[in-house]
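See structure below.
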Amino acid sequence: MANFSKSTVPQFSVEVYQNEYLPEGGREVNAIVTVTSTGGGTTGRRSLTGAPAAAALPGQGPNAAVVIMVDCSGSMDYPPTKMRNARDATSAAIDTLRDGVAFAVVAGTHVAKEVYPGNGALAVADAATRAEAKNALRKLSAGGGTAIGTWLGLTDRLLASADVSIRHGILLTDGRNEHETPEDLRAALEACAGRFTCDARGVGTDWVVKEVTGIASAMLGTADIVADPAGLAADFTEMMENAMGKEVADVALRLWTPVGVEIKFVKQVAPTVEELTGRRTQANTRAGDYPTGSWGDESRDYHVCVQVPEAGVGQEMLAARVSLILPAADGTSQVLSQGLVRAVWTADMVASTSINPQVAHYTGQAELAQVIQQGLEARKSGDFDGATAKLGRAVQLAADSGNADTAKLLSKVVDVVDAATGTVRLKAKVADADEMTLETRSTKTVRVKK
């Protein structure tokens, strides 16, 4: 058996940031949990269970499969450069595939069709198959409707044919999902969730932000706008590079709580805000798992809020235990790392009223995402006073937290009079691309300033 370096095995760490002190009778405990994965290699590695990692296909090394879904509906011909840019972007993504990765290309209209390899299975990336795939892209032409659920269904079937751990989709659309019902799309997402991750991109400005972000959220991927189709190749290349960097799939955040402790919420707060509370699956009597998807070399932050029983001064308890869990095929699971959330009751008012900087920062970032979305909804509905108030609060929060990217996007929608107080005026005219970019990227956060 070949030797595998320990340095190529991804290592997980968990750090908990909180103020554990509560006043007498205090019940709410907040903690920011930072999860970091480091040291993952790309070839010749072992799995975290100690066994050699499964190959993409017999004789191949990488443990990954990717399907690219390209919108080929009629609207992709307006302007004609949009379809050409989509072909070029898909070609660039194919060039970014590592040798040995299983892959396919799907053309999406009101039906889903295999463009390459076209035999109901996946090809294995090498110089020859990459060239064949790029040649097959010439078949991509615009015509027909949009039924994204069918694209996801075909992608799921293709990815399921590969004996790999990392299954990933990349989805591009330029329009509304008009040829299936919202219930059809929701059913497709429910069927595919947990089976593969998916990054979604909207090109141009005729698509629906909530559809694209909803797909990415359900599939634990990223969402973004590419307003100018000329930017697709660079975006697809970056997406594929990120997909190629994933080393471990299906990692769960497990939250164990003692009797009497109630979970108020669990959410990812960096690099984006993502509500996880409703995605809990019961692991055992006192513990539940929250999905986090695939990991490469990266760090993410999670906000855990629990309610503990009332207690008197001087008492303390373990409020929660947070673990990173990797499930195995035999039904067992491996603990990759863990951290503890504590509660200590004190009469020291300074200690009990102090807000942990990480908790304060991410509470503000979650509010920032919320008020942007509320402000844009108010603006669309004609409630300009409400929109001004919400977007003004967003400007204030972005300035306080140092979220310069979001502040810049907000400045395309409002004129900022005073960022510190959140005093703004709505712009009379806002480009569709600017409004959609702000809405799409509203959940992107920044880490705590050091």
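From Lys210, atom NZ reaches atom OG1 of Thr440 across 9.5 Å, with rounding to the nearest 0.5 Å. Going from atom CG of Asn85 over to atom CE of Met76 covers 8.5 Å, rounded to the nearest 0.5 Å. Distance check: Glu28 CD to Cys305 SG gives 3.5 Å after rounding to the nearest 0.5 Å. In this structure, CD on Gln365 lies 8.0 Å from CG on Leu397, to the nearest 0.5 angstrom. With values rounded to the nearest 0.5 angstrom, Asp301 atom CG is found 8.0 Å from Tyr17 atom OH. Considering CG of Asn242 and OG1 of Thr237, their distance stands at 11.0 Å, rounded to 0.5 Å.
Val430 approaches Lys412 most closely through the heavy-atom pair CG1-O, 3.9 Å. Between Gly175 and Asp71, the shortest heavy-atom distance links the atoms N-OD2, 4.0 Å. Shortest non-hydrogen contact noted between Arg195 and Asp156 is NE-OD1, 2.8 Å. Shortest non-hydrogen contact noted between His361 and Val446 is NE2-O, 2.7 Å. Heavy atoms only, all atoms of each residue included: Ala216 and Ala223 are closest at CB-CB, 3.7 Å. Of all the heavy atoms in His168 and Ala243, the pair that sits closest is CD2-CB, 3.7 Å.
Looking at Thr292, its side chain does come within 3.5 Å of a backbone N or O of Val251 through a donor-acceptor pair. Arg201 contributes no side-chain N or O that, together with a main-chain N or O of Val226, makes up a donor-acceptor pair within less than 3.5 Å. Side chain of Thr213 to backbone of Val209: a donor-acceptor contact under 3.5 angstrom is found. No donor-acceptor pair closer than 3.5 Å links the side chain of Thr109 to the backbone N or O of Gly145. Remark: the backbone N or O of Gly214 is not paired with any side-chain donor or acceptor of Ser217 at under 3.5 angstrom. With hydrogens and angles disregarded, a donor-acceptor distance shorter than 3.5 Å links the side chain of Glu180 to the backbone of Gly149. Of the possible polar contacts, none joining the Ser37 side chain to the Glu298 backbone as a donor-acceptor pair under 3.5 Å is found. Put simply, the side chain of Arg279 never gets that close to the backbone of Pro291: no donor and acceptor are under 3.5 Å apart. A donor-acceptor pair under 3.5 Å is absent between the side-chain atoms of Glu178 and the main chain of Arg176, judged by distance alone. Side-chain N or O atoms of Arg167 include none that pairs as donor or acceptor with a backbone N or O of Ala249 at under 3.5 Å.
The environment of Glu238 atom CD is sparse: at most 12 non-hydrogen atoms of other residues, nucleotides or ligands sit within 6.0 angstrom. Within a 6.0 Å radius of CZ in Phe265, more than 12 heavy atoms belonging to other residues, nucleotides or ligands are found. Atom NZ of Lys380 is surrounded by more than 12 heavy atoms from other residues, nucleotides or ligands within 6.0 Å. Annotation for Lys427: atom NZ counts as buried by contact number, over 12 foreign heavy atoms lying within 6.0 Å.
Lys390 pairs by the side chain to side chain contact (heavy atoms under 4.5 Å, CB included) definition with Val371, Gln374, not counting sequence neighbours. Residues meeting the side-chain hydrogen bond (donor to acceptor under 3.5 Å, both in side chains) test with Thr406, sequence neighbours left out: Asn403. With sequence neighbours left out, the salt bridge (Lys or Arg N to Asp or Glu O under 4.0 Å) criterion links Arg254 to Asp289.
The shortest distance between side-chain heavy atoms of Tyr116 and Leu137 does not fall below 4.5 Å. For the pair Tyr290/Ile263, a side-chain contact is recorded, criterion being any heavy-atom separation below 4.5 Å from C-beta on. Contact annotation: the side chain of Leu340 approaches that of Arg321 to within less than 4.5 Å [non-hydrogen atoms, C-beta and beyond]. Side-chain atoms of Val269 and Thr445, non-hydrogen and from C-beta on, never get closer than 4.5 Å to each other. Counting only heavy atoms from C-beta outward, the side chains of Thr443 and Gln373 approach each other to under 4.5 Å. In this structure, the side chains of Asp95 and Phe236 stay at 4.5 Å or more apart for every pair of heavy atoms. Two residues are said to be in side-chain contact when any heavy atoms from C-beta on lie closer than 4.5 Å; Tyr362 and Val273 fail this criterion. With a 4.5 Å cut-off on side-chain heavy atoms, Ile68 and Ile94 count as touching.
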Check the pair Glu247 / Ile166 against side chain to side chain contact (heavy atoms under 4.5 Å, CB included), numbers first and verdict last.
CA-CA 7 Å; Glu247 290 292 317; Ile166 307 292; over 6 Å; no

Would Arg447 and Thr34 satisfy side chain to side chain contact (heavy atoms under 4.5 Å, CB included), going step by step from the backbone distance to the final call?
CA-CA 11 Å; Arg447 309 296 287 264; Thr34 296; 3.7 Å; yes

Under the criterion side chain to side chain contact (heavy atoms under 4.5 Å, CB included), I'd like the reasoning laid out for Lys444 against Thr272: C-alpha separation, chi angles, the key distance, then a yes or no.
CA-CA 4 Å; Lys444 292 184 184 295; Thr272 59; 4.1 Å; yes

Run the numbers on Ile325 and Val335 for side chain to side chain contact (heavy atoms under 4.5 Å, CB included), then give the verdict.
CA-CA 5 Å; Ile325 301 294; Val335 178; 3.7 Å; yes

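At a cut-off of 3.5 Å, with distance as the only test, a side-chain donor of Asp184 or Thr181 sits close to an acceptor on the other residue. Inspection of the Ser91 and Asp88 side chains reveals no N or O donor paired with an N or O acceptor under 3.5 Å.
Ionic pairing of Arg130 and Asp99 is present here: one or more N-O contacts between side-chain nitrogen and carboxylate oxygen are shorter than 4.0 angstrom. Ion pairing of Arg300 with Glu274 is absent here, as no side-chain N (NZ or NE/NH1/NH2) approaches a carboxylate O to less than 4.0 Å. Taking the charged nitrogens against the carboxylate oxygens, Lys82 and Asp174 do have a contact shorter than 4.0 Å, which makes a salt bridge. A salt bridge is defined here as a Lys NZ or Arg NE, NH1 or NH2 lying under 4.0 Å from an Asp or Glu carboxylate O, and Arg157 with Glu114 fails to meet this definition. Under a 4.0 Å N-O distance rule, the pair Asp224/Arg441 qualifies as a salt bridge.
Ring geometry for His179 against His110 counts as tilted: the plane angle lies between 30° and 60°, on a 0 to 90° scale.
With Asn30 as the fixed residue, the side-chain contact (heavy atoms from CB on, under 4.5 Å) test singles out one of Val359, Val341, Val306, Thr363: Val359.
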